[in-house]
Chemist: 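Sending over a structure as structure tokens; questions will come in a sec.
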Protein chains: 2
Amino acid sequence: MIAHILSTGDEVLLGDIVDTNSAFLCRALKEMGIEVQKIIAVGDDVDAIASIIGDISLQADICLVTGGLGPTRDDLTGLACSKASGNRLELNIDALESMRSYFKKRGFQLTRDNEKQALLPSSSNMLINRNGTAPGFYIKINQCLFFFMPGVPSEMKMMFEKEIKKVLVNKFNLFDDILIERLTVFGLPESKVGALLKGFETKFFGIRLGFRADFPVIEVKIILSGSFKEKDKARADIAKAKQWVVLQLENKVVSEQGLTIAQEVGGLLTKQGKTLAIAESCTGGLISNMVTDVAGSSNYFLFSGITYSNDAKINILNVRKETIIEYGAVHEQTALEMAQGARHKAHADFAISTTGIAGPGGGTKEKPVGMVCIGIAGSEFSMARTYRFSFDDRVKNKKIFAMMALEILRRHLVLMAKTF
Amino acid sequence: MIAHILSTGDEVLLGDIVDTNSAFLCRALKEMGIEVQKIIAVGDDVDAIASIIGDISLQADICLVTGGLGPTRDDLTGLACSKASGNRLELNIDALESMRSYFKKRGFQLTRDNEKQALLPSSSNMLINRNGTAPGFYIKINQCLFFFMPGVPSEMKMMFEKEIKKVLVNKFNLFDDILIERLTVFGLPESKVGALLKGFETKFFGIRLGFRADFPVIEVKIILSGSFKEKDKARADIAKAKQWVVLQLENKVVSEQGLTIAQEVGGLLTKQGKTLAIAESCTGGLISNMVTDVAGSSNYFLFSGITYSNDAKINILNVRKETIIEYGAVHEQTALEMAQGARHKAHADFAISTTGIAGPGGGTKEKPVGMVCIGIAGSEFSMARTYRFSFDDRVKNKKIFAMMALEILRRHLVLMAKTF
């Protein structure tokens with residue numbers, strides 16, 4: 001089944017708003033086993049909208065349209081639909097009724113402007129709007145079933161969930177399906193990931209790979225879509241494919257569920273009943289922010305000391321003054337003492353630390369921008385290592401420093417889980 | 001001039017990501033006086049992409065294409081372009097060179113897979129990618145000039161700004177004269193901002209407004225483009241318009257240069273030669289991360305204590321145990337003592353603090369999700385206030401809590417600047 005989405009409204013084309021409606025509808029249709037083939041966005045122009053509706057009516061089986069059902073002058077979708085379909089607009093009694101009751105509930109009176117919203121193309125079916133005034137409708141044009149919804153996200157979502165879903169299920173008895181497995185990969189450029197997974201398509205016929213780079217991690221998606229009779233076989237197929245992918249990417253797979261490193265770390269700490277402290281210099285709070293973005297992190301995260309100044313490193317994390325004098329702030333010994341200090345201060349089981357040069361300033365020949373020392377401390381051990389990255393962008397450096405520190409902790413926790 | 005945008009990649013059609021690239025490009029073109037007529041998104045399907053390129057080549061004058069230039073197998077845009085244009089792919093020496101130098105800078109070797117990215121349609125012109133490996137290119141097909149860019153936002157934006165803009169200006173002798181004023185607005189919903197600025201276009205003919213909501217702030221752009229003879233008059237015109245906008249939005253304008261609140265705070269601290277400490281609970285490091293995203297923040301930012309546990313609040317920030325027992329962790333008194341403690345610990349001039357309920361869990365009737373206590377401490381004063389926001393999203397709450405705390409500090413610093 002071919003599905004298209006048509007998003008109308010100047011605000012999208014002017015870049016004033018991002019079209020989140022289409023993303024929602026793509027996800028929602030995907031869950032029903034329908035993959036969207038094309039998304040089109042046009043402005044508030046009757047003829048443009050009408051001609052696109054005409055094109056789509058010959059290409060797609062279903063089309064979800066958002067926007068342009070409101071009471072104002074630039075709400076022209078209904079008119080465009082009647083132009084494209086040759087069904088003139090007429091007062092839809094159901095629509096008028098549902099609007100009346102909506103207003104009544106809120107103690108308002110219908111205005112003439114509102115009544116305009118009850119003008120729907122003849123032979124179209126009204127769709128109730130539970131979160132607003134403008135009713136939606138659906139209508140068959142040529143080979144395609146069009147669903148017209150308001151552009152206000154809350155109204156659109158409610159209408160799709162409560163009205164359109166059941167129409168779709170009834171009209172098309174859908175047994176089409178899609179299975180998606182997600183992996184989070186860290187420490188490889190996208191090109192390398194592609195190279196390592198070469199030969200996948202021939203090895204696993206009918207299963208597709210998708211990649212999404214979100215610096216510095218890459219999400220690898222394994223997608224199996226089609227209409228499979230035996231779900232179990234499909235699940236087994238995609239599981240085998242996933243296993244192979246994980247094998248190819250080795251230890252660069254940080255999550256086999258598509259989670260963030262911070263979420264994985266959180267899960268491991270929770271499972272092991274351990275607590276975490278953090279000492280950050282160059283990452284400036286980013287690690288802590290990533291850790292605390294995870295709901296429930298208060299169960300294992302105790303304290304983080306963002307010590308930008310040397311005094312703070314010394315006074316709050318108990319880094320030895322001699323260490324700073326002898327080695328400087330950016331050094332493995334300093335990172336080590338920062339981690340140990342944070343761990344003791346917070347009485348935590350583990351601590352990680354970062355000190356480095358995020359740039360753009362502050363780099364030297366021996367300690368260039370992109371260099372970071374990462375420390376980790378536990379009850380029986382502590383260590384620190386130096387890493388060099390080659391970005392000249394401060395925010396990029398902070399991000400990869402922070403992820404590297406979390407990844408070092410994650411690997412250690414995985415090791416612990418295996419050894420005990 | 002008719003402009004279209006073509007966004008390629010399964011991730012958009014699967015609803016995995018929202019297409020922010022198109023929104024950026026719409027805004028960027030609008031600033032150059034070009035309004036986008038249509039946005040189309042399709043998946044990683046060579047034939048689908050090729051046929052759409054064919055259609056656009058007969059409808060539009062320019063088309064900006066994003067995505068599908070990477071080295072992986074689902075990067076098919078170059079191939080689709082060669083199919084649509086009938087120009088076969090050949091190794092582009094400039095492209096290969098620019099990739100070589102990009103890799104060399106980072107001490108990597110080119111892989112065969114990378115070289116694939118240097119295969120561009122014959123008679124196309126290479127566009128340098130300053131933030132990644134995949135070069136872009138532009139090529140005329142029928143009546144339309146196509147620009148092909150990577151899908152990674154940072155790479156796409158840089159390529160548009162540094163490469164494509166000048167090509168557009170030359171090829172279509174566009175207004176190279178563009179004056180843009182940016183304001184950062186915090187504390188108003190977008191609809192309210194729009195309402196407050198109603199009547200602008202009639203008041204300031206020829207000057208356009210642009211809005212960009214980046215929760216929880218809104219960037220208001222005042223755009224004057226044209227080939228103006230007297231630059232001074234143009235500057236005076238836009239200055240007057242800006243003055244009016246600032247007046248309408250009153251104290252909700254946090255930056256008249258379009259800076260972030262953290263950048264404004266950094267500038268004020270630097271100018272006043274003051275230092276900053278931070279104590280965060282519910283914001284979990286986000287404030288510190290925002291502050292340290294600003295280059296040079298090490299000149300005024302000393303220390304931040306992310307004290308998630310009560311022990312940490314007591315042991316590290318010297319919050320009185322009785323305070324926690326009597327009032328609990330989320331209370332103005334606790335926020336107050338956190339700010340004072342952080343300030344003393346770091347010997348800083350100022351400190352701000354947050355303690356609240358980010359959610360999703362942890363809310364009660366008296367202390368619901370979305371409630372935050374913000375403290376500020378200086379040499380002669382300290383205070384704390386409670387704020388309530390109505391988001392049930394953890395990350396959103398962290399963000400608005402953090403911005404609110406920074407805004408309170410900013411207002412105080414502005415006051416100081418005025419009084420002394």
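The figures here come from the full heavy-atom set of this structure, side chains too, leaving out hydrogens, waters and symmetry mates. Here is the naming used below: chain letters follow the sequence lines, and residue numbers restart at 1 for every chain.
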Chemist: Specify which of A/P189, A/G362, A/S297 makes the most heavy-atom pairs with chain B at under 4.5 Å.
Modeler: A/S297

Chemist: Please look at A/R388 and chain B and tell me whether the side chain, the backbone, both or neither of the residue comes under 4.5 angstrom of a heavy atom of that chain.
Modeler: neither

Chemist: Are any side-chain N or O atoms of B/T8 and backbone N or O atoms of B/G67, one a donor and one an acceptor, separated by less than 3.5 Å?
Modeler: yes

Chemist: As an exercise, state the distance from CD of A/E35 to CG of A/L29, rounded to the nearest 0.5 Å.
Modeler: 10.5 Å

Chemist: Please classify the contact of B/K30 with chain A as side chain, backbone, both or neither, using a heavy-atom distance under 4.5 Å.
Modeler: side chain

Chemist: Sort A/L25 into side chain, backbone, both or neither according to what part of it lies under 4.5 angstrom from a heavy atom of chain B.
Modeler: neither

Chemist: What's the shortest heavy-atom distance between A/A277 and A/A342, and which atoms?
Modeler: CB-O, 3.6 Å

Chemist: When only pairs under 4.5 Å are counted, which of A/A23, A/C26, A/C282, A/S7 shares the most heavy-atom pairs with chain B?
Modeler: A/C26

Chemist: Where is the tightest heavy-atom contact between A/L13 and B/I39, given as atom of each residue plus distance?
Modeler: CD2-CG1, 3.5 Å

Chemist: Looking only at heavy atoms and a cut-off of under 4.5 Å, which of B/I278, B/D44, B/D293 has the most pairs with chain A?
Modeler: B/D293

Chemist: Using a heavy-atom distance cut-off of less than 4.5 Å, which residues of residues 308-315 of chain B contact chain A?
Modeler: B/Y308, B/S309, B/A312, B/N315

Chemist: So for B/I52, is it side chain, backbone, both, or neither that comes closer than 4.5 Å to the heavy atoms of chain A?
Modeler: side chain

Chemist: Which residue out of B/K116, B/R27, B/E219 racks up the most heavy-atom pairs below 4.5 Å with chain A?
Modeler: B/R27

Chemist: Using every non-hydrogen atom in the two residues, find where A/F303 and A/A346 come nearest and quote the distance to one decimal.
Modeler: CB-CB, 3.7 Å

Chemist: Could you have a look at A/L302, A/V12, A/V36, A/V42 and say which one has the most heavy-atom pairs with chain B under 4.5 angstrom?
Modeler: A/L302

Chemist: Find the distance between CG (A/L6) and CG (A/L64) and round it off to the nearest 0.5 Å.
Modeler: 10.0 Å

Chemist: Would you say the side-chain atoms of B/N21 pair up with the backbone N or O of B/G151, donor to acceptor, closer than 3.5 Å?
Modeler: yes

Chemist: Using a 3.5 Å distance criterion without hydrogens, assess whether the side chain of A/R343 forms a donor-acceptor pair with backbone atoms of A/D349.
Modeler: yes

Chemist: Measure distances from B/Q37 to the heavy atoms of chain A and classify the residue's part below 4.5 Å as side chain, backbone, both or neither.
Modeler: backbone

Chemist: Examine whether an atom of B/R394 lies under 4.5 Å from a heavy atom of chain A, and if so say whether it belongs to the side chain, the backbone or both; otherwise answer neither.
Modeler: side chain

Chemist: With only heavy atoms counted, which part of B/D75 is less than 4.5 Å from chain A, the side chain, the backbone, both or neither?
Modeler: side chain

Chemist: Heavy-atom distance under 4.5 Å to chain A: side chain of B/A295, backbone, both or neither?
Modeler: both

Chemist: Say whether A/T354 and A/T283, considering side chains only, have a donor N or O and an acceptor N or O under 3.5 Å apart.
Modeler: yes

Chemist: Check whether B/K398 gets within reach of chain A through its side chain, its backbone, both or neither, counting any heavy atom under 4.5 Å.
Modeler: side chain

Chemist: Does a side-chain heavy-atom distance below 4.5 Å link A/F200 with A/I207?
Modeler: yes

Chemist: Any sub-3.5 Å donor-acceptor pair from A/E280's side-chain atoms to A/L286's backbone N or O?
Modeler: yes

Chemist: For A/P216, what residues pass the side chain to side chain contact (heavy atoms under 4.5 Å, CB included) criterion, not counting sequence neighbours?
Modeler: A/F186, A/K399, A/I400, A/M403

Chemist: Quick one: of A/S304, A/S288, A/G285, who has the most non-hydrogen atom pairs under 4.5 Å with chain B?
Modeler: A/S304

Chemist: Can you name the one residue among B/T133, B/N131, B/N129 that meets side-chain hydrogen bond (donor to acceptor under 3.5 Å, both in side chains) with B/E155?
Modeler: B/N129

Chemist: Any side-chain heavy-atom pair from A/I40 and B/K38 closer than 4.5 angstrom?
Modeler: yes

Chemist: Would you mind checking which part of A/E11 comes under 4.5 Å of any heavy atom in chain B, side chain (CB onward), backbone (N, CA, C, O), both or neither?
Modeler: neither

Chemist: Answer with side chain, backbone, both or neither: which region of A/V294 has an atom nearer than 4.5 Å to a non-hydrogen atom of chain B?
Modeler: backbone

Chemist: Using side-chain heavy atoms (C-beta onward) and a distance below 4.5 Å, is A/T355 in contact with A/M338?
Modeler: yes

Chemist: Measure distances from B/I316 to the heavy atoms of chain A and classify the residue's part below 4.5 Å as side chain, backbone, both or neither.
Modeler: side chain

Chemist: At a 4.5 Å cut-off on heavy atoms, which part of A/H4 comes close to chain B: side chain, backbone, both, or neither?
Modeler: neither

Chemist: Given heavy-atom pairs under 4.5 angstrom as the criterion, report whether the side chain, backbone, both or neither of A/K198 touches chain B.
Modeler: both

Chemist: Flag this pair as yes if the NZ/CZ of A/K157 is under 6.0 angstrom from the six-membered ring centre of A/F24 and inside a 45 degree cone about the axis; otherwise no.
Modeler: yes

